[in-house]
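Working notes, beginning with the structure itself.
Order of the sequence lines fixes the chain letters, A, B, ..., with proteins taken first and strands second; residue numbering starts at 1 for each chain. Fair warning: this is a prediction, and the values are worked out from it, not measured in the lab.
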Amino acid sequence: MIKVEGINKTFKVPKRSTGMVEGIKALFRREHTIVHALNDIHFSIEPGEIVGYIGPNGAGKSTTIKVMSGILVPDSGTCSIMGYTPWKDRVEYVKNIGVVFGQRSQLWWDVPVLDSFELLKDIYNIREKEYKETLELLTDTLELQDILHSPVRQLSLGQRMRCEIAASLLHSPPILFLDEPTIGLDAVSKIAVRKFIKTINKEKQVTVILTTHDMFDIEALADRVILIGKGSLLYDGNLQDLRRRFGSHKTITVDYKPSNTPLQIPGTTILSKTEIRSILSVDTTQVTISEVIMKLSNTLELVDVSISAQPIEDILIQLYKEFEI
Amino acid sequence: MKSMKPYIAVLRLRLLNGMQYRAAAFAGVATQFFWGFIYVMIFQAFYAQSQTNQPISLEELVTYLWLQQSFLAFIMLWFRDNELFDLITSGNIAYEWCRPIGIYEFWYSKLLAQRLSSALLRCFPILFIACLLPQAYRMTLPPTIQTFLLFCIALILGLLVLVAISMFIYISVFITLSPMGSLLVFGVIGEFFAGMVVPIPLMPSWLQKIVYIMPFHLTADFPFRVYSGHIPNGDAIQGIVIQLLWLIVLVALGKVAFNQVMKKVIVQGG
């Protein structure tokens with residue numbers, strides 16, 4: 001469905017220097033730096049997949065989305081989505097995609113949400129009957145009944161984002177690009193958005209590509225993650241593998257009766273230790289959890305034990321460090 | 001021929017939306033009256049002092065000035081659409097790209113609607129009252145029905161030409177990213193050559209020659225002089241043909257330029 005091969009994109013950025021003298025110099029001669037935003041990016045996505053596209057700020061996530069939605073033309077490489085090259089067949093191609101840029105708005109600020117929707121209906125030339133059906137479905141699942149008639153400027157960010165998502169799905173596109181759809185939302189709205197993405201993916205087989213910094217989004221939605229950093233592809237695979245490969249550490253928190261016995265168990269590192277509580281990080285490739293607990297109970301009088309997997313956030317931090325991005 | 005539906009839809013929405021700003025329109029009417037009176041008085045003084053015969057009669061000139069004030073939204077290049085500037089400078093234009101429509105045409109419709117809605121709210125009160133003023137300030141009716149019809153055609157075509165010119169302001173913002181700079185350059189030059197500062201008939205003849213080569217006078221000066229009968233009907237028809245030609249040229253050039261900047265553009269931020 002989506003095939004991206006060897007995409008490169010560089011930006012020429014004029015160097016901005018501070019200070020009066022430098023500023024005057026810049027009037028006559030601009031120095032430029034070349035930023036490699038994307039380096040030989042390649043992946044392919046099958047219909048019906050939800051793919052999480054992750055990476056630190058400035059990694060090139062949005063640039064990739066922009067290339068895939070036909071906004072940016074890459075320097076080299078090919079991209080074929082449903083048989084179209086996005087930046088070449090723009091008008092024909094964009095009928096098939098829905099895009100949400102979390103940091104931007106496609107709704108008209110001063111008019112009721114419904115007016116914006118009506119305009120989109122005409123822009124996409126959606127038939128009356130289909131429009132009504134889709135709108136009804138979207139209104140129900142995103143709970144828009146009460147806000148459809150309010151001007152966008154009166155909506156909260158969470159309400160607005162739900163409307164933005166609805167707006168990008170009015171023409172029932174088979175592909176949906178979400179660029180940080182949960183940015184700035186509170187927990188309730190985030191969950192609503194996630195649930196909705198899951199629903200349309202299941203029921204309408206919409207292929208979803210989403211970028212986010214919220215790892216709970218990824219955990220809740222994506223079976224597959226693509227990690228990029230500094231413009232290069234670093235990892236492409238499912239979340240469990242990522243955990244297995246980079247998240248082999250578990251954290252054990254033990255509470256015990258006051259004791260000063262030093263804890264030295266091979267394969268673990270002590271994250272913190274007091275008289276009554278220790279937190280250990282266990283490398284499960286070296287030692288199993290049960291061994292560690294056994295050793296602990298031999299030396300200490302245990303009160304409580306809890307084991308947690310390393311949160312995906314930590315895995316990412318570790319990954320970013322490992323790849324130096 | 002591609003469907004016109006999206007463009008008509010955006011025109012309609014914009015028009016309805018723009019008509020809501022009644023307070024702004026009321027203030028606009030008051031301002032335009034103020035300026036109208038000042039201009040009329042300036043030219044009255046000017047005509048009273050002058051010995052020679054002027055190329056345009058005072059009566060025609062007063063009508064010309066009131067038309068200028070009523071249709072300000074049709075003729076002023078600085079009349080801007082901040083939303084489009086924001087789209088360009090903030091990067092929200094990304095969304096416009098993801099629509100299956102021609103963006104030039106889409107923006108053209110938006111700009112047209114904005115000027116239409118603004119003028120519709122303002123022109124009628126000004127025209128109505130200007131026709132009831134005492135003799136010296138009064139706006140006269142066009143000499144014949146034919147003249148009036150020609151004026152309507154010329155005014156609408158003038159508006160279309162103006163919007164085509166103003167598209168270049170927005171195109172230039174893609175390169176400069178500075179709306180104010182582009183506006184100033186286009187505003188000052190365009191309005192001078194459109195006869196907004198000094199009516200064109202009062203300009204020296206060498207300057208008139210330059211003015212007539214450019215399209216700006218077709219937006220304001222030409223339709224207003226058709227109205228007062230200063231341009232005879234025969235010449236008016238000729239002028240309308242020239243308007244049409246300019247419109248075609250400007251739109252064609254605009255689309256080429258637009259596609260050029262679009263290719264180069266880097267969507268700002270995020």
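- To the nearest 0.5 angstrom, C98(B) atom SG is 5.0 Å from I97(A) atom CD1.
- Side-chain atoms of R90(A) come within 3.5 Å of backbone atoms of I101(B) as a donor-acceptor pair (strictly under, hydrogens ignored).
- Among the candidates V100(A), V73(A), N57(A), the residue making the largest number of heavy-atom pairs closer than 4.5 Å to chain B is V100(A).
- Interface residues of residues 118-135 of chain A toward chain B, defined by a heavy-atom distance below 4.5 Å and sorted by number: L119(A), L120(A), D122(A), I123(A), Y124(A), N125(A).
- If you take OG on S69(A) and OH on Y95(B), they are separated by 10.0 Å, rounding to the nearest 0.5 Å.
- When all heavy atoms of F101(A) and A94(B) are compared, the pair lying nearest together is CE1-CB, 3.7 Å.
- Closest heavy-atom contact between K95(A) and P100(B): CG-CB, 3.5 Å.
- Contacts of W108(A) with chain B are made by side-chain atoms alone, with heavy-atom separations under 4.5 Å and no backbone atom involved.
- Applying the side-chain hydrogen bond (donor to acceptor under 3.5 Å, both in side chains) test to D75(A) and every residue at least two apart in sequence or in another chain returns T10(A).
- Between the CG atom of L87(B) and the OG atom of S105(A) there is a distance of 10.0 Å, given to the nearest 0.5 Å.
- Screening L13(B), N17(B), L16(B) for a side-chain contact (heavy atoms from CB on, under 4.5 Å) involving D115(A) leaves a single residue, L13(B).
- Residue L11(B): no heavy atom, backbone or side chain, is found under 4.5 Å from chain A.
- Sorted by first then second residue, the salt bridge (charged side-chain N to carboxylate O under 4.0 Å, His left out) pairs that include residues 153-169 of chain A, not counting sequence neighbours, are D110(A)-R153(A), R160(A)-E164(A).
- For residues 80-88 of chain A, an interface with chain B (any heavy-atom pair closer than 4.5 Å) does not exist.
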